[in-house]
Every structure is written in C-alpha cells, then in structure tokens.
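Comments concern the structure below.
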Amino acid sequence: MVAIILGWNPRLGNDWNYEAVIEQVAETGQFLERWNIGRHRKIQPGNQAWLLLQGEGQHGRGLIGHGVVMSESYEAPQRTEPKSSARYVSVSFDAVLPLGSQIPSSVLTSEVPDVAWNTFRGSGRSLPAESEPGLQRLWREHGPAASEPCRIVPGTYPEEAVSRIDTNRYERDPEARRVCLAFHGTSCAACSFSFEVSYGDIGKDYIHVHHVVPVSQLGGNYRLDPIADLVPLCANCHAMAHRGVGNPRTVAELRRAIAAAGHLPGQILDDRALTAQDDAHRILEQH
Ligand SMILES: [Zn+2]
Ligand SMILES: [Zn+2]
C-alpha cells in the first residue's frame, strides 16, 4: 500500500486548532480534514498518510500524526488565499501526538534514511515502500502506543497484520488471565459458549479474556483487578464487544443484544429452507 507524507507548518497560516484535533481523535478515534498534497498525483483513497511537523518553531520538526486518505484528490480554493486554488485530499487523522512529543527528525533521519526529513518542504510526497516498516516500527515505539494501551494505534502495524479485535496489554497478561479464569471459568460470560464442549480437547482452556474498563479510566494510578476488570468472552462475543465502539460494550449489553436478536430483519424462510425442513422431518420419522 502506497503511503504519503503530508507536511504541516503551523506558521504558514494554518487555522488548525490542534488541541481540539487531539481531543477529538482521543474521543472519537478520528478527525477529518482536507489536506494540501502539493503536486502529488498518485494518491488514492485508503492510502496511509503520515503527518510531518515542519518549520523552525519552538518544537522543531518531527513525525506527529498518522491518518488514512479518504478521497480522490481534488482542486479547491486555498484557505489562506481563497482566490487561488490548490490540490487536496480528505484525510481521516486517527493518531496524533501533542506538540513537543513528535518523533524528532534526527531520529527519523537515522532510522528511515531514505526520506530527507530535515529538508522536506511543502506537502505530498510518497514514502518509499522500503521505508514503510521502519517508520511503522518508530511509530510503534515512540508514537501514541505508549500512552494508549487499550488499542492498536493506527500506523504501528501493516494493516493486514492487525486483528479485527483490538486486545490490550491487560488482556494479554498471562498471570491476570490465570486469576480471571480461575474465578470466572472458561465459558463465555455473555453467551455461555465453551470451546471445550464444542471442540473437545483442542478447545480446552481456550477463551478470550476481555478487559471491561473504559479507556478513560486508565489513568496513571490504574491497577488491574483481574477478577473485577477481566471477563472471559468467546471470540464472537469479544469481537462484538469492541465492534465500532471506543469503549467496549458491557457483558450485560452483549446479553441484551443476543436476546433481542436471533433473526435478520425481514428474513423469511425460502422454499429451499422449507423443503430442507420437510426432508429432515421425513428422515427422522423413517428411523
Ligand atoms: Zn460468547
Ligand atoms: Zn476486549
């Protein structure tokens, strides 16, 4: 997947309220903004976008954000000079660092030498494909991951490597898991599914452990209580607990959802299903 580097020079008349951007990304997981891509043309929806803080301001240069390109490129009036136009794409920024916490260009230059980080001007340049793993590793080690244990921070892994279920480090802690399962058992707390009952030996002791505490409560003083804060969930319920929400659904919410569901809206049995049912009755009666 092609990635693009976008430049941000706060002194060049940018009206971005960066504090508000950080806040919104923390709350909702994204901030949508159109971004100048200079003369860059080879950019498409789905491309990764890396945001480079530029200028010789008090904070210095450095890698400060990550996002995903959401649109084809388009021509639009410039914010600062509405009479002239420039080339833009819409970017969904999904991980941003506070000013001052960016990965400095000295580090970028030594770890990802194929890009001229120190002299990069303007906005919109391809990141060489061979530089991508190095940049992802840097972002993993120095980016927002350290302060956000509860989700896999966008940009830290190749997309295809990221599981659809974001587990956090509490869910992966083997000792906490042991204590949780010793208390709660290994059946799903939401739907009672047991891997051992369904799969026999190969399912024995298999269950996900899910961390129920909202991200907002994980301050510096947070101490995990493996019995109160972790519950066993099957893989399906675990996926549904996290699907589309920043703060996971509670076990009670999952149970309510399961109870209220059971059929697809508007679903009726078609002829084939009815025939199959009749066949089944017939076969059962024969024996
Ligand atoms: Zn379940
Ligand atoms: Zn979970």
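Since the structure is predicted, the reported quantities are computational estimates derived from the model, not experimental observations. Position 1 is the first residue of the sequence; numbering continues from there. Computed over heavy atoms, backbone and side chain alike; hydrogens, waters and symmetry mates excluded. Atoms within a ligand are numbered from 1 in the order they appear, just like the ligands themselves.
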Contact flag C234/the Zn ion (ligand 1), N/O/S atoms, threshold under 2.8 Å: yes
Could you tell me whether the Zn ion (ligand 2) has an N, O or S atom of H242 under 2.8 Å away? yes
Does H210 bring an N, O or S atom to within less than 2.8 Å of the Zn ion (ligand 2)? yes
Report, rounded to 10°, the angle at the Zn ion (ligand 1) between the two atoms SG (C188) and SG (C191). 110°
Using 0.5 Å steps for rounding, measure from the CG atom of L254 to the SG atom of C188. 7.5 Å
Please step through side chain to side chain donor-acceptor pair (under 3.5 Å) for the pair R34 and S90, ending with a clear verdict. CA-CA 4 Å; R34 77 166 139 114; S90 299; over 6 Å; no
Does R125 make a cation-pi contact with F120, if we ask for NZ or CZ under 6.0 Å from the ring centre and within 45° of the axis? yes
Pair R282 + D279, salt bridge at N-O below 4.0 Å: yes
